[in-house]
Participant: 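I am attaching a structure below and will ask some questions about it afterwards.
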Amino acid sequence: MVVDVAPLRSSRDFRLMFATQAISMVGTHLTSVAASLQIYHLTGSSVQVGLMSLVLGLSLLVGLVTGGLLADRVDRRKVMLVTRAVTAVVIAGLAVNAALPDPQVWFVFVAAVLAGFTAGLGGPALMAATPALVAPGQLAAAGALTTLTAQLGGMVGPSLAGVIAAGPGVAWCFAIDAAIYVVGLALLAPLPKLAPEGNAEAQHPLKAMGEGLRFLRGNQVVAGLLLIDVCAVVFAMPYALFPELGTEHFGGGPSTVGLLYTAPAVGSFFGALTSGWTGRVHHTGRALIGAVAVWGVAMTCFGLSPDLWFALVFLALAGLGDTASEILRRALLQHYTPDRLQGRVGSLWLAQATAGPSVGNVEAGLVARALGSSSGAVVVGGLVCLVGVGAVALAMPGLRKATLSRPPDGDGDGGGGDRAAPAETSPAAD
């Protein structure tokens with residue numbers, strides 16, 4: 001049950017990437033919190049803070065789509081190094097701007113666009129590199145360790161940013177993050193060349209993206225794991241309702257709302273620490289379906305909970321299911337996707353992970369307004385999630401039969417669907 005650290009023991013290159021991700025997650029939260037605090041201090045407007053987040057998210061999505069193509073065309077190590085170097089310069093610029101007597105708001109917005117786009121460019125390459133750095137049987141363990149770095153960063157980073165911003169100031173948050181990116185460059189530099197298989201650079205970018213979409217349409221495992229995640233994050237993502245639930249439904253204040261946001265993170269962290277089973281379970285697809293169902297059941301029970309402490313338990317259970325789902329989805333996606341398509345398919349997964357929760361929170365708010373009850377919206381969302389999970393499981397037997405214990409059939413085919421048609425002009429598709 002304990003998190004499997006075999007990838008760290010057996011692969012020096014994965015150790016370097018793991019260390020880079022661990023410190024980078026802390027730094028990312030330093031910059032995110034510091035930028036929000038600075039925008040609010042300079043403008044006094046929460047709308048401006050929201051606009052900055054929107055600009056960052058949109059530029060990130062554009063970067064992810066572009067980065068997916070890039071990761072399948074050039075050396076992935078080079079992509080990671082160049083994008084991290086550019087991001088370090090951008091964040092150093094934020095530090096200089098924050099240290100000026102009169103910091104400029106426009107510069108923060110420009111930096112958000114540049115940082116979001118470059119982070120998106122490098123994200124698919126970082127994800128696509130993992131299968132080349134660890135043994136095939138260690139993909140789930142590597143995914144669990146990656147998830148653990150995200151959870152640790154999410155718990156440590158924001159609090160540390162608040163302490164630094166209240167003391168030395170937000171400029172130091174940016175400066176520390178820029179230094180973290182430089183350290184990350186030094187850690188990633190010894191990695192070997194990570195050129196993708198095939199010759200994807202011969203394809204037109206639109207044709208290359210079309211090849212990725214055809215593969216997705218013809219592979220039940222990869223398409224199924226993306227669809228089943230949509231059921232969870234779009235229909236049962238109630239985080240936007242936490243302020244109303246904490247104050248109105250549970251009769252508390254800001255501290256109660258804070259507990260609602262904290263409980264899923266605690267469950268997720270515990271799920272990552274006890275994720276050793278994810279690499280050993282034989283019926284991986286069924287385990288994934290069960291993990292997403294746990295999220296739906298837990299959210300339904302959370303919406304029905306009249307007592308705060310019961311609600312917190314169910315939120316923690318939801319976080320545990322979400323972490324198991326993320327680990328299994330990541331491992332299955334990397335296992336069933338051919339190397340030549342890792343960047344493009346991974347970019348779609350990352351784009352969904354970025355945009356899906358935002359769509360889900362908007363949907364939850366609209367349903368709560370239509371029903372006149374935030375708790376009722378949570379219950380409805382959980383039930384719709386369960387129905388969706390059942391529908392995907394029934395419609396895609398390839399997902400139910402998916403496993404990490406044997407190689408995928410053919411060229412990454414998940415069974416139960418035609419393989420992606422090869423691109424006519426690309427030897428990478430032969």
Participant: When you look at Gln342 and Arg76, which way does the side chain to side chain contact (heavy atoms under 4.5 Å, CB included) test go after all the steps?
Facilitator: CA-CA 11 Å; Gln342 285 281 348; Arg76 290 159 182 167; 3.9 Å; yes
Participant: Between Ser268 (side chain) and Pro264 (backbone), is there a donor-acceptor pair under 3.5 Å?
Facilitator: yes
Participant: Does some side-chain heavy atom of Val105 sit less than 4.5 Å from a side-chain heavy atom of Phe109?
Facilitator: yes
Participant: Please walk me through it: do Met25 and Leu152 pass side chain to side chain contact (heavy atoms under 4.5 Å, CB included)?
Facilitator: CA-CA 8 Å; Met25 289 307 301; Leu152 283 172; over 6 Å; no
Participant: Sub-3.5 Å donor-acceptor pair from the side chain of Ser59 to the main-chain atoms of Val55, do we have one?
Facilitator: yes
Participant: For the residue pair Gln38 and Phe174, what are the closest heavy atoms and their distance?
Facilitator: OE1-CE1, 3.7 Å
Participant: Quick one: CD1 on Ile176 to CG on Leu160, what's the gap to the nearest 0.5 Å?
Facilitator: 6.5 Å
Participant: With sequence neighbours excluded, tell me which residues meet ring pair (Phe, Tyr, Trp, His ring centres under 6.0 Å) with Phe302.
Facilitator: Phe242
Participant: Determine whether Arg84 and Ser24 make a side-chain contact, defined as any pair of heavy atoms from C-beta on separated by less than 4.5 Å.
Facilitator: yes
Participant: Under a 3.5 Å cutoff, is there a donor and acceptor pairing between the side chains of Gln104 and Asn97?
Facilitator: no
Participant: Over all heavy atoms of both residues, which pair between Phe235 and Cys385 is shortest? Give the atoms and the distance, please.
Facilitator: CB-N, 4.3 Å
Participant: Given salt bridge (Lys or Arg N to Asp or Glu O under 4.0 Å), test Asp72 with Arg344 step by step and report yes or no.
Facilitator: CA-CA 7 Å; Asp72 289 339; Arg344 281 164 282 179; 2.8 Å; yes
Participant: Ignoring hydrogens and angles, state whether a donor on the side chain of Thr130 or Arg330 is under 3.5 Å from an acceptor on the partner side chain.
Facilitator: no
Participant: Can you tell me if Phe270 has over 12 outside heavy atoms packed within less than 6.0 Å of its CZ?
Facilitator: no
Participant: With side chain to side chain contact (heavy atoms under 4.5 Å, CB included) as the criterion, how do Leu227 and Met396 come out once you've worked through the C-alpha distance, each side chain's angles and the decisive distance to 0.1 Å?
Facilitator: CA-CA 10 Å; Leu227 284 175; Met396 296 188 165; 3.5 Å; yes
Participant: What distance do Trp106 atom CH2 and Leu42 atom CG have between them, rounded to the nearest 0.5 Å?
Facilitator: 13.5 Å
Participant: Evaluate the side-chain proximity of Cys173 to Val33: yes if any heavy-atom separation is below 4.5 Å, no if none is.
Facilitator: no
Participant: For Thr403 and Tyr336, work out which heavy atoms get closest and say how close.
Facilitator: N-OH, 3.1 Å
Participant: Enter the distance from Leu191:CG to Leu81:CG here, rounded to the nearest 0.5 Å.
Facilitator: 7.5 Å
Participant: If I compare all heavy atoms of Leu241 with all of Ala368, which pair ends up nearest, and what's the gap?
Facilitator: CD2-CB, 3.8 Å
Participant: How far apart are the closest heavy atoms of Ala165 and Leu37, and which atoms are they?
Facilitator: CB-CD1, 3.7 Å
Participant: Between the main-chain N or O of Leu133 and the side-chain N or O of Ser11, is there a donor-acceptor pair closer than 3.5 Å?
Facilitator: yes
Participant: Between the main-chain N or O of Leu30 and the side-chain N or O of Asp177, is there a donor-acceptor pair closer than 3.5 Å?
Facilitator: no
Participant: Quick one: does any side-chain atom of Thr323 pair with a main-chain N or O of Leu320 as donor and acceptor, under 3.5 Å?
Facilitator: no
Participant: Can you tell me if Ser275 uses its side chain to pair, donor with acceptor, with the backbone of Ala272 under 3.5 Å?
Facilitator: yes
Participant: A side-chain contact here means heavy atoms from C-beta on lying under 4.5 Å apart; do Leu187 and Met17 qualify?
Facilitator: no
Participant: Test of understanding: with salt bridge (charged side-chain N to carboxylate O under 4.0 Å, His left out), list the residues that count as partners of Asp13, not counting sequence neighbours.
Facilitator: none
Participant: Once you round to the nearest 0.5 Å, how far does CG of Leu114 lie from CG of Leu56?
Facilitator: 11.0 Å
Participant: Answer whether the closest heavy-atom distance between the side chains of Leu188 and Arg77 falls below 4.5 Å.
Facilitator: no
Participant: Check step by step if side chain to side chain contact (heavy atoms under 4.5 Å, CB included) holds for Phe18 and Leu8.
Facilitator: CA-CA 8 Å; Phe18 174 81; Leu8 295 177; 3.7 Å; yes
Participant: Quick one: pull up CG in Leu332 and CG in Leu139 and give me the separation to the nearest 0.5 Å.
Facilitator: 9.5 Å
Participant: Under a 3.5 Å threshold, yes or no: a donor from one side chain and an acceptor from the other, between Thr87 and Thr118?
Facilitator: yes
Participant: Taking all non-hydrogen atoms of both residues, which atom of Ala291 and which atom of Ala324 are closest, and how far apart?
Facilitator: CB-CB, 4.0 Å
Participant: State whether the side chain of Thr284 and the backbone N or O of Leu404 hold a donor-acceptor pair below 3.5 Å, judged by distance alone.
Facilitator: yes
Participant: Once rounded to the nearest 0.5 Å, what's the spacing between atom CG of Leu194 and atom NZ of Lys78?
Facilitator: 12.0 Å
Participant: For the residue pair Leu259 and Leu312, establish whether any side-chain heavy-atom pair is separated by less than 4.5 Å.
Facilitator: yes
Participant: Should Phe14 and Leu145 count as side-chain neighbours, where that means a heavy-atom distance under 4.5 Å?
Facilitator: yes
Participant: Answer yes or no: is there a donor N or O on one side and an acceptor on the other, between the side chain of Gln334 and the main chain of Met127, under 3.5 Å?
Facilitator: yes
Participant: Any side-chain heavy atom of Trp295 sitting closer than 4.5 Å to one from Ser325?
Facilitator: no
